[in-house]
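Below: one structure, written as C-alpha cells.
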2 protein chains.
Amino acid sequence: MVATSLQLEQLAETCSHCSLRYLCLPYGLSHEDILELERLVSTGVPIGASDELFVQGDPLEDIYAIRDGSMKTVVVDEDGLEQILGFYYPGDLLGLDGFADQKHHCTAVALEPTHVCRIPVARLDRLVDKLPSLRHQLMRLMSQALSDEEKLLLTLGRKNSMGRICSLLLTLSRRREMRGLEPSPVSLSMKRLELANFLSMRLETVSRVLTRLQRDGVIRIRHNDVDIVDPEALRARSSQGAWVADQ
Amino acid sequence: MVATSLQLEQLAETCSHCSLRYLCLPYGLSHEDILELERLVSTGVPIGASDELFVQGDPLEDIYAIRDGSMKTVVVDEDGLEQILGFYYPGDLLGLDGFADQKHHCTAVALEPTHVCRIPVARLDRLVDKLPSLRHQLMRLMSQALSDEEKLLLTLGRKNSMGRICSLLLTLSRRREMRGLEPSPVSLSMKRLELANFLSMRLETVSRVLTRLQRDGVIRIRHNDVDIVDPEALRARSSQGAWVADQ
DNA sequence: CGCTGTCGTTGACCTGGATCAAATAACGAC
DNA sequence: GTCGTTATTTGATCCAGGTCAACGACAGCG
C-alpha cells in the first residue's frame, strides 16, 4: 500500500509523460496538442474508497479519467432498482453518457482509494473545436464505450452463470494486458454483492461458481485476487452453456 | 400500404423540410448549416424487409438515419451467439458504434420495407470539423445511445419477464409520442422470436406474457399491433416483480 | 481479549421460466 | 382456392438458479 502511493508520486504529473496516454484521451494527438490538453486537466485527484465522483442527475461539469485504482458506475431507476453498469480501470473515461443532456446519467463510486484526472467539459469542448484529432479520439472512446456495452448485453443476455463469471474474469484479465500488466492475478476490488449485481446474479451464485472454478483447478482465489491457472479452460467455460436462438 | 408509399413520395426530400429534423442529425443546426448537411445526405434510400443495411465487420463508410419503417441491430460473437441490441425507428441513427475502429460492430437488418438516409462518414467528418453545432448534435446522439443502452441493461438485469415486456411496450409507445404520433397502437414489426431474443427470453414466454396482459385487459393484440388499453396497469407491471439488491 | 458488524461460503428447498411437444393460425406460392 | 411453410399459442414437465437459513472468517474497536 505504502509502496504504491510512493510509486504514484513518482509518476509524471502530465499527460505527455503518463504511461496511460495510449489508452486515454491523448492518444493520437501530436506532442503540441497534448501539451494543450494537459493544461486543462487536473491530474491525480485522490478519492477515497466508496466516495462518489459524481451522482446521477448532477450537471455535467467534468469528465474523468482513472489514473490508478478502480471505480464502478451505477444507475438507479424510478422504482429504486440499482444496476451496476461497469467497472473502470486506469485509462478509462467516466461521464461520457452525460453529453446527451448535460447531466450525469449514472453515479460513479470508487471501489478503493483511487486517483482520477479531472477534465472540465466546457474547456474540453473549446479545445475539441480547435483540435480535430482530439475530437476523433473522443468520438473513438464514446464509440468504444458503446460497443463495450453491446458486448456486455450479449454476455448478460445469452450466457448462464458460469459463462458470465468466466467472461468477466477473461475481460478483466485482457484489460490488465492492455495496460501492460501480466494477465493474472486479476484483483477483484469489488465485493461479491457488486459482482452479482453487475452480472445479474445473486451473490450466493457468484460464490458457488467461483468455488466450483477453484475446485476444478481453473482459478485460484486468495483474498481479493484471482489467479488464472488454466486460461484455456476459462475460455471454454465462458461460452459453454450459452443460449443459441433456434433457427 | 399503397396509401403509405404515396404519402412517402410526398415527403420533402431534404433535411430542412424533414418532419424528423428535431430528432435527427439536423437538430440544433442553423438553416444554412442544414443546407450544407443535406448536400451530403442521400435521402429516402429504400431497402426491403430483412435486407441488411450493413454487416458486422464491414468497413465504416456510411452511417444511416431511418426515414420510415423499422430496423434491428444484431451482434454475433465468436461462439455464434446472436443478440439483438435494439429496434430502431424514424429519426434514429445507425452505425455510431463503428467510429471506434472504423468498422461496423453490429449488423443492421430491416424489419419491414424501410427508407433510410445514407450519410458518408468521410464527408460528414469534414463537415463536423467546420460546424461545431453538428459535432455537438453528433456527440449528443452518441451519448444518448450510451444512456439508452444503460437503461436496457437495467431492464434486462433487474426485471422479470412481465416487467421486461411491459417496459418494452412503454418504451415503444413513448417513442411513438416523440415522433408526434398517438401513444397507441404500438406496431410490433418484429417477430416473437426477435422480441424474445432482444429481451433474453424464450418466444413461448413472450407469447404467454402477451396473452396474459390481454386476458387482464391491459392491452389488446391484433395482428402485429398492440393497443394499450390501460397504460397505468402497464406501468405498474413494468416495475412489479423486479429484483432489488439486498442492503 | 471478546464483542459486533460485515462479508463470504455452504446447504436445503422451491419457483419462474426454460424446454419439449403438439395444436392452430397466418402467409405465400401456385 | 389447396398445399406447404412458418409463426404463434397452449399445455406439460423440469431444472438452473433464486431464496431462505445457518455458519465461518475476518476486521475494527473498546
Side-chain angles (χ1 to χ4, degrees), chain A residues 1 48-50 72 81 111-113 155-166 168 187-216 219-226 237 240-247, chain B residues 1 48-50 72 81 84 111-113 155-168 187-216 219-226 237 240-247:
Chain A
M1 296 300 134
S50 78
K72 64 172 177 180
L81 297 183
L111 296 171
E112 56 190 317
T155 298
L156 294 188
R158 311 240 77 79
K159 292 183 180 181
N160 63 16
S161 53
M162 176 61 80
R164 290 177 197 198
I165 292 280
C166 292
L168 177 76
S187 112
L188 296 183
S189 49
M190 69 295 286
K191 309 202 177 313
R192 294 287 185 276
L193 184 62
E194 294 171 316
L195 221 44
N197 178 302
F198 176 61
L199 295 174
S200 298
M201 299 164 50
R202 313 310 314 216
L203 79 168
E204 294 94 328
T205 308
V206 170
S207 179
R208 274 184 251 269
V209 171
L210 286 174
T211 303
R212 177 137 190 265
L213 281 171
Q214 173 159 248
R215 211 188 51 224
D216 295 355
I219 61 174
R220 213 171 82 80
I221 305 167
R222 40 191 175 86
H223 322 137
N224 281 330
D225 287 343
V226 175
R237 274 157 227 244
Q240 95 181 7
W243 305 358
V244 180
D246 2 352
Q247 288 181 331
Chain B
M1 296 299 134
S50 77
K72 64 172 176 180
L81 297 182
I84 294 176
L111 296 170
E112 57 188 316
T155 298
L156 295 187
R158 311 239 77 81
K159 292 184 179 180
N160 64 13
S161 53
M162 175 61 81
R164 290 177 198 199
I165 292 281
C166 293
S167 298
L168 177 76
S187 113
L188 295 183
S189 49
M190 68 297 286
K191 308 205 176 311
R192 294 285 185 276
L193 184 62
E194 295 171 314
L195 221 46
N197 178 300
F198 175 61
L199 295 174
S200 299
M201 299 163 51
R202 314 306 321 214
L203 81 169
E204 295 95 326
T205 309
V206 170
S207 178
R208 274 184 249 270
V209 170
L210 285 173
T211 303
R212 176 137 190 264
L213 281 171
Q214 173 158 248
R215 212 188 50 223
D216 294 357
I219 61 174
R220 212 170 83 82
I221 305 168
R222 39 191 176 85
H223 321 137
N224 282 329
D225 287 343
V226 175
R237 273 157 227 244
Q240 98 182 8
W243 306 357
V244 179
D246 2 353
Q247 290 181 328

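Since we're looking at a predicted model, the values are computed, not measured. Just so we're on the same page: letters track the sequence lines, and every chain starts at 1.
Computed from coordinates, the A:Glu194 CD to C:dC7 P distance equals 9 Å when rounded to whole Å. The distance from atom CG of A:Leu195 to atom P of C:dG8 is 9 Å, rounded to the nearest whole Å. The distance between atom NZ of A:Lys191 and atom P of C:dT6, rounded to the nearest whole Å, is 11 Å. What separates CG of A:Leu213 from P of C:dT9 is a distance of 12 Å, to the nearest Å. Spacing between atom CG of A:Leu193 and atom C1' of C:dT9 amounts to 15 Å, rounded to whole angstrom units. A:Arg212 has its CZ atom 14 Å from the P atom of C:dT10, to the nearest Å. Atom CZ in B:Arg237 sits about 16 Å away from atom P in C:dG16, given to the nearest Å. At whole-Å resolution of the value, CD1 in A:Ile221 and C1' in C:dC7 are 14 Å apart.
How far CZ of A:Arg192 is from CE of A:Met201: 11.0 Å, rounded to the nearest 0.5 Å. Rounding to the nearest 0.5 Å places CG of B:Leu111 at 6.0 Å from CE of B:Met190. Atom CG of A:Leu203 sits about 5.5 Å away from atom CG of A:Leu193, to the nearest 0.5 Å. Atom NZ of B:Lys72 sits about 9.0 Å away from atom NZ of B:Lys191, to the nearest 0.5 Å.
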Can you give one letter per nucleotide of nucleotides 24-30 of chain C, going 5' to 3': B for a protein heavy atom under 4.0 Å from the base, S for sugar-phosphate only, - for none? -------
With sugar-phosphate taken as primed atoms, P, OP1 and OP2 and all else as base, the protein-contact string of nucleotides 15-20 of chain D at under 4.0 Å (heavy atoms; B, S, -) is --SSBB
Sequence neighbours excluded and cut-off under 3.5 Å, please list the side-chain donor-acceptor pairs for residues 160-167 of chain B, or say none.
{"unit_1": "B:Asn160", "atom_1": "OD1", "unit_2": "B:Met162", "atom_2": "N", "d": "3.4"}
{"unit_1": "B:Asn160", "atom_1": "OD1", "unit_2": "B:Gly163", "atom_2": "N", "d": "3.0"}
{"unit_1": "B:Asn160", "atom_1": "ND2", "unit_2": "B:Gly241", "atom_2": "O", "d": "3.2"}
{"unit_1": "B:Arg164", "atom_1": "NE", "unit_2": "B:Lys159", "atom_2": "O", "d": "2.8"}
{"unit_1": "B:Arg164", "atom_1": "NH1", "unit_2": "B:Leu199", "atom_2": "O", "d": "2.8"}
{"unit_1": "B:Arg164", "atom_1": "NH1", "unit_2": "B:Ser200", "atom_2": "O", "d": "3.4"}
{"unit_1": "B:Arg164", "atom_1": "NH2", "unit_2": "B:Leu156", "atom_2": "O", "d": "2.8"}
{"unit_1": "B:Arg164", "atom_1": "NH2", "unit_2": "B:Lys159", "atom_2": "O", "d": "3.2"}
{"unit_1": "B:Ser167", "atom_1": "OG", "unit_2": "B:Lys159", "atom_2": "NZ", "d": "3.1"}
{"unit_1": "B:Ser167", "atom_1": "OG", "unit_2": "B:Gly163", "atom_2": "O", "d": "2.7"}

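Under the 4.5 Å side-chain criterion, counting only non-hydrogen atoms from C-beta, A:Leu210 is not in contact with A:Arg212. Looking at B:Thr205 and B:Arg202, their side chains come closer than 4.5 Å, going by heavy atoms from C-beta outward. Residues A:Arg237 and A:Leu213 meet the side-chain proximity criterion, which asks for heavy atoms closer than 4.5 Å. The shortest side-chain heavy-atom distance between B:Asn224 and B:Ser187 does not fall under the 4.5 Å cut-off.
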N/O-N/O pairs, protein side and nucleotides 24-27 of chain D side, under 3.5 Å:
none

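Inter-axis angle, ends of the helix from C:dC1-D:dG30 to C:dC30-D:dG1, five pairs per end, rounded to 10 degrees: 40°.
When every heavy atom of B:Asn197 is checked against every heavy atom of A:Arg158, the shortest pair comes out as O-NH1, 3.1 Å.
Applying the side chain to side chain contact (heavy atoms under 4.5 Å, CB included) rule to B:Ser207 yields the partners B:Thr211; only residues at least two apart in sequence or on another chain are considered.
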Give the intermediate values and the outcome of side chain to side chain contact (heavy atoms under 4.5 Å, CB included) for residues A:Val226 and A:Gln214. CA-CA 9 Å; A:Val226 175; A:Gln214 173 159 248; over 6 Å; no
